[in-house]
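Structure first, commentary second.
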Amino acid sequence: RRHSFPTRRSSDLSFGYDPYPLSLQIKQVDFGTERQQVQAVVWDVLFSDPDRLNPGGDAAWDAAVRRSQRSHFSVVRLPAAHDAGSQVRRATLPGLWAHAETGQQATVALIPPFLASMAQAPLGLTNAQPDADGVLRRFQDTERLRDDSLLQTLPLSVLQTVAPPLYQQQIETARRTAINATAPLIAWRAHEKAYPHIAFADLFAVAEGQPPAQAVPDLAGRIVLIGASAPTLHDIHPTALSANQSGIEVLATLVDNEIHQRHIHELPMWAQAALAFSLCLLIALFSHHRSLNAIDPWMVGLPLGLTAISYLSLHSDRVFLDLHLASGWALAFMALLRLWQGLRQQHWCSLPTTEQPSQAQGLLPLRLESGWQEAQRHRLIALLERHAPACRMLQAAPAPQVEWPELQQLAALVGPQAQLEALAGRWPHEPGWPELHLGPCQALGQTPARAELLITAMAGWQHLLAAPRTAKELP
């Protein structure tokens with residue numbers, strides 16, 4: 001294998017042969033660097049083995065590489081588990097190390113270029129680890145070795161030539177980054193094939209002074225990437241833009257991001273958790289001061305709104321707001337609140353249990369002109385929890401009655417007569433009950449049956465409908 005195109009996976013290496021002889025590569029180097037004066041020539045080609053059938057071509061290629069001052073060559077990283085068995089150190093490939101610590105140098109397993117001229121030229125890794133689903137979304141522009149030295153990637157090598165101050169800033173940032181930090185997201189262009197493409201044959205024709213099939217633009221001052229686009233050369237990868245995006249397009253995007261400093265910032269996990277907790281706290285406070293029914297629209301609107309914000313942030317090349325954690329927590333918390341409300345209401349609206357048979361039981365009829373909606377039931381249950389924990393609430397029509405709205409106005413409290421009378425005495429001093437009417441407290445037996453409760457409640461409601469008195473009017 002003389003020179004080949006690597007897929008960007010350190011765990012699954014596959015290669016395709018370069019179909020062009022070295023004589024054509026030499027034309028590209030000389031034409032691009034000397035005649036066109038490009039900023040950089042980036043080879044997305046792995047020159048890993050000498051050409052044993054044409055040694056003269058290797059010698060000519062070595063001379064062309066030495067003449068070129070703008071070429072950057074790729075290196076493929078092998079799994080780190082093989083580092084101990086490698087003999088490659090910084091002295092072997094000095095152009096690959098972005099930063100080196102003093103002391104004993106670590107060895108690194110990789111596929112180096114076979115020519116000494118390329119070993120001394122600017123080098124960079126072309127590995128990128130896809131996500132678990134096989135899609136390439138992230139890229140780390142350096143790799144830290146066990147001796148704390150840094151290997152640079154091919155895009156970072158280009159940045160060293162084009163913008164040295166930015167390169168130094170990137171290296172300092174990489175040195176401060178934690179070893180196991182998550183690789184940043186790639187800022188993709190709006191669509192696939194966003195960069196101009198030139199056919200190899202057309203560039204060669206211009207270099208030979210012949211007319212090309214397609215016009216070749218002036219390359220002066222540009223960055224030229226040379227690589228494969230044919231699927232049979234195995235440099236095709238699923239990305240966020242396409243299921244089959246060429247590796248040269250991916251590399252062009254990464255180089256563009258380095259030069260223009262496009263770095264997508266993400267919310268750290270602690271910030272996502274803090275946002276989720278804050279949303280749950282806000283929902284709890286809102287439901288406490290209003291009612292749980294008031295948050296029903298939020299169960300649909302809040303997750304949709306957070307998802308919309310996340311989607312809109314995808315169109316930015318500066319920040320991505322991943323709000324799925326906050327959305328999931330908020331939705332789960334609202335569902336738990338609804339479940340808790342149902343259990344709580346079921347407890348306080350059931351028949352009371354007689355803990356002390358000697359206690360006299362009673363029934364206090366109620367009528368609320370605006371109807372016992374969810375918020376009013378919630379307030380009444382809260383009042384029972386504080387002042388009459390042994391009492392329970394009965395309601396004539398818990399669900400709204402379109403034909404008979406009067407039925408939803410009627411309710412009653414059942415429990416120890418002493419607690420009911422104490423509660424009725426407190427009601428004139430309870431704020432927020434201007435439309436509440438209380439009937440006289442009716443005595444019940446020690447263990448009233450359901451029929452007795454119904455008869456007594458209906459008699460009290462009849463009294464309220466005939467001669468209602470508000471809580472403020474009670475003596």
Side-chain angles (χ1 to χ4, degrees), residues 3-4 6 8-11 13 15 40-50 58 61-129 139-181 183-184 251 254-255 258-259:
H3 33 120
S4 48
R8 291 171 176 75
R9 295 184 131 194
S10 59
S11 58
L13 298 176
F15 302 89
V41 178
V42 185
W43 292 86
D44 190 19
V45 179
L46 183 63
F47 298 91
S48 56
D49 299 297
D58 286 345
W61 174 243
D62 184 57
V65 172
R66 294 181 188 277
R67 289 194 302 270
S68 174
Q69 301 298 317
R70 300 177 178 87
S71 291
H72 299 258
F73 298 97
S74 23
V75 175
V76 170
R77 180 76 160 96
L78 297 178
H82 303 298
D83 284 352
S86 174
Q87 298 180 359
V88 178
R89 301 179 185 272
R90 180 172 179 265
T92 312
L93 301 174
L96 182 60
W97 265 254
H99 170 76
E101 296 289 341
T102 57
Q104 186 175 4
Q105 297 179 359
T107 57
V108 56
L110 46 78
I111 302 178
F114 74 97
L115 288 176
S117 58
M118 285 189 287
Q120 301 300 316
L123 301 172
L125 302 176
T126 55
N127 299 73
Q129 189 64 38
F139 183 77
Q140 187 67 266
D141 54 11
T142 58
E143 180 185 344
R144 189 189 300 271
L145 300 179
R146 60 181 181 274
D147 63 350
D148 281 339
S149 60
L150 296 176
L151 301 181
Q152 67 185 9
T153 57
L154 199 54
L156 198 59
S157 175
V158 176
L159 183 66
Q160 184 179 18
T161 299
V162 176
L166 290 179
Y167 174 80
Q168 292 299 328
Q169 292 179 15
Q170 289 291 92
I171 298 304
E172 291 301 321
T173 302
R175 293 180 62 187
R176 295 192 300 268
T177 304
I179 296 178
N180 296 324
L251 182 59
L254 297 174
V255 172
E258 289 289 356
I259 294 174

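Being a predicted model, the structure only gives us computed values, none of them experimental.
Counting heavy atoms from C-beta outward, Leu93 and Pro113 have side chains that approach closer than 4.5 Å. Side chains of Val75 and Met118 form no contact here, defined as non-hydrogen atoms less than 4.5 Å apart.
Summarising the geometry, atom CD belonging to Glu258 is positioned 9.5 Å from atom CG belonging to Leu166; distances are rounded to the nearest 0.5 Å. Interatomic distance, Leu145 CG to Arg90 CZ, rounded to the nearest 0.5 Å: 11.5 Å. The CD atom of Gln160 sits 7.5 Å away from the CD atom of Gln168 when rounded to the nearest 0.5 Å. One finds the CG atom of Leu156 at 11.0 Å from the CG atom of Leu151 (value rounded to the nearest 0.5 Å). The CG atom of Asp44 sits 13.5 Å away from the NE2 atom of His72 when rounded to the nearest 0.5 Å. Separating the CD1 atom in Ile111 from the CG atom in Leu78 is a distance of 5.0 Å, to the nearest 0.5 Å.
Ring geometry, Phe73 versus Trp43: the interplanar angle falls under 30°, so the pair is classed parallel (tilted spans 30 to 60°).
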Quiz item: Given the rule in the side chain to side chain contact (heavy atoms under 4.5 Å, CB included) test, do Leu110 and Leu96 qualify, once you have shown the distances and angles that lead to the verdict?
Solution: CA-CA 11 Å; Leu110 46 78; Leu96 182 60; 3.4 Å; yes

Practice problem: Might you work through the side chain to side chain contact (heavy atoms under 4.5 Å, CB included) test for Leu115 and Phe47, ending with a clear yes or no? | Solution: CA-CA 8 Å; Leu115 288 176; Phe47 298 91; over 6 Å; no

Quiz item: Yes or no on side chain to side chain contact (heavy atoms under 4.5 Å, CB included) for Arg70 and Thr161, after CA distance, side-chain angles and deciding distance?
Solution: CA-CA 8 Å; Arg70 300 177 178 87; Thr161 299; 5.7 Å; no

Quiz prompt | Glu143 and Val108: CA distance, side-chain angles, deciding distance, side chain to side chain contact (heavy atoms under 4.5 Å, CB included) verdict | solution = CA-CA 11 Å; Glu143 180 185 344; Val108 56; 5.7 Å; no

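The only option from Val42, Leu254, Leu125, Asp141 that meets the side chain to side chain contact (heavy atoms under 4.5 Å, CB included) definition with Leu154 turns out to be Val42.
Shown here are the side chain to side chain donor-acceptor pair (under 3.5 Å) partners of Gln140, two or more places apart in sequence or in another chain: there are none.
For the pair Ser86 (side chain) and Thr107 (backbone), a donor-acceptor distance under 3.5 Å is absent. Ser74 places a side-chain N or O within donor-acceptor distance of the main-chain N or O of Val45, the cut-off being under 3.5 Å. No donor-acceptor pair closer than 3.5 Å links the side chain of Ser68 to the backbone N or O of Ala64.
Contact record, Arg144 with Thr177: NH2-O, 2.8 Å, taken as the closest heavy-atom pair. Counting all heavy atoms, side chain and backbone alike, Ala109 lies closest to Pro79 at CB-O, 4.1 Å. A pairwise comparison of heavy atoms in Gln120 and Thr92 identifies NE2-O, 4.2 Å as the closest pair. Looking at every heavy atom in both residues, Ser149 comes nearest to Trp97 through OG-NE1, 3.4 Å. Pairing each heavy atom of Ala119 with each of Pro94, the nearest pair is O-CD, 3.6 Å. Minimum interatomic distance between Asp148 and His99 (heavy atoms only, all atoms of both residues): O-CD2, 4.0 Å.
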